[in-house]
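Encoded as structure tokens, the structure appears first; notes follow it.
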2 protein chains.
Amino acid sequence: MATFGEFLRNERIKKGLTQSDFGQIFGIIMTDMSKIENGHKKFPPANLEKLAEFLEMDFAKVKNLFVAEILVEKAHKYKCSDDVFSVAESQSKYIKEKNVKQAVMKF
Amino acid sequence: MATFGEFLRNERIKKGLTQSDFGQIFGIIMTDMSKIENGHKKFPPANLEKLAEFLEMDFAKVKNLFVAEILVEKAHKYKCSDDVFSVAESQSKYIKEKNVKQAVMKF
DNA sequence: GTCGTCTTGCTAAATTAATGGCAAGTTATG
DNA sequence: CATAACTTGCCATTAATTTAGCAAGACGAC
């Protein structure tokens with residue numbers, strides 16, 4: 001498992017492209033591609049779908065990699081242990097269940 | 001597993017306090033306590049430690065509940081499946097490992 | 001009805017985060 | 001050294017998120 005930036009770099013190199021070439025596809029200049037690969041800047045979310053197409057990967061997987069990096073940043077900002085992610089998963093499931101129940105109640 | 005807001009509400013009710021009473025301890029007015037319990041507002045992070053003391057709970061656990069809610073919000077904003085949390089956990093571990101290796105390399 | 005408790009909506013202000021673009025510097029290679 | 005590829009720092013602008021505070025409404029108990 002790598003960061004989103006490293007993932008991008010790997011895929012780019014697999015295809016034998018420079019940051020400049022690769023960026024051009026998504027309208028990103030080279031210096032920004034560098035920042036993105038090194039985690040100093042975010043890949044533009046609006047281009048994630050196009051990115052998935054280009055890499056011939058499942059959009060959801062690409063998006064997960066992207067969003068995961070944002071979550072990791074947040075967790076580190078608050079100096080949380082990695083437990084926080086499974087707590088979050090439980091919470092998310094709990095909320096979804098709750099929403100289902102409420103939706104059912106409406107009928 | 002409940003949301004942070006529900007957790008707060010449960011603890012408050014266990015102690016037989018109103019939102020007004022409970023809020024006063026942390027300098028939060030009643031209407032804000034309501035919003036916090038219902039997830040429309042964030043509990044002030046600077047008070048998390050005090051909260052843990054008051055509830056006689058481990059600070060890290062309270063913080064995890066708090067931060068998890070933030071992560072869940074982000075994940076939902078991007079309409080991610082719950083897989084994203086385990087991806088994030090892997091990424092986080094990966095980054096920590098990488099940092100260790102780099103730290104070692106310095107010497 | 002009225003009191004206490006709680007919920008919600010709204011908006012302006014403030015805080016925080018993200019972005020774009022340029023400039024300077026590194027590294028590897030011929 | 002010259003070039004291509006890449007990295008980083010800085011800063012002004014913009015965008016996004018949070019917050020505070022007030023007002024009004026809901027709900028149950030008495």
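Side chains included, hydrogens not; waters and symmetry mates left out as well; all remaining heavy atoms used. Lettering of chains follows the sequences in order, A, B, ..., and the numbering in each one begins at 1.
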Is a donor on one side and an acceptor on the other found under 3.5 Å between the side chain of A:Lys50 and the backbone of A:Ile25?
yes

To the nearest 10°, give me the bend of the helix from C:dG1-D:dC30 to C:dG30-D:dC1, comparing the axes of its five terminal pairs at either end.
30°

I'd like to check the side-chain contact (heavy atoms from CB on, under 4.5 Å) partners of B:Ser86; sequence neighbours left out, ordered by chain and number.
none

A side-chain contact here means heavy atoms from C-beta on lying under 4.5 Å apart; do B:Leu48 and A:Tyr78 qualify?
no

Listing, residues 64-77 of chain A side-chain donor-acceptor contacts under 3.5 Å, not counting sequence neighbours, or none:
| from | atom 1 | to | atom 2 | distance (Å) |
| --- | --- | --- | --- | --- |
| A:Glu69 | OE1 | A:Phe4 | N | 2.7 |
| A:His76 | NE2 | B:Ser92 | OG | 3.2 |

Pair B:Glu11 + B:Lys15: basic N to acidic O under 4.0 Å:
no

Show the atom names and distances, to 0.1 Å, of all donor-acceptor pairs under 3.5 Å that link a side chain in residues 51-60 of chain A to residues at least two apart or in another chain.
none

For nucleotides 12-18 of chain C, give me every protein contact, N/O to N/O, under 3.5 Å, one pair per line with atom names.
| from | atom 1 | to | atom 2 | distance (Å) |
| --- | --- | --- | --- | --- |
| C:dA17 | OP1 | A:Lys77 | NZ | 2.9 |
| C:dA18 | OP1 | A:Lys42 | NZ | 2.7 |

Just checking B:Met30: base, sugar-phosphate only, or nothing, at a heavy-atom cut-off of under 4.0 Å?
base

Charged N to carboxylate O below 4.0 Å: is that the case for B:Asp32 and B:Lys41?
yes

Please give me the minimum heavy-atom distance between A:Lys63 and B:Lys79, naming the atom from each residue.
NZ-O, 3.1 Å

Taking the nucleotide of DNA chain D with the closest heavy atom to each, which residue, B:Ile29 or A:Glu37, is nearer the 5' end?
A:Glu37

Value in whole Å for how far the P atom of D:dT19 lies from CD1 of B:Ile28
10 Å

What pairs of nitrogen or oxygen atoms, one from the protein and one from nucleotides 8-12 of chain D, lie under 3.5 Å apart?
| from | atom 1 | to | atom 2 | distance (Å) |
| --- | --- | --- | --- | --- |
| D:dG9 | O6 | A:Lys35 | NZ | 2.8 |

Please report, rounded to the nearest Å, how far the P atom of D:dT19 is from the CG atom of B:Asn47.
12 Å

A:Ala2 and A:Phe7 have their tightest heavy-atom pair at CB-N, 4.5 Å

So which heavy atom on B:Glu37 is nearest to which on B:Gln19, and how close?
OE1-NE2, 3.0 Å

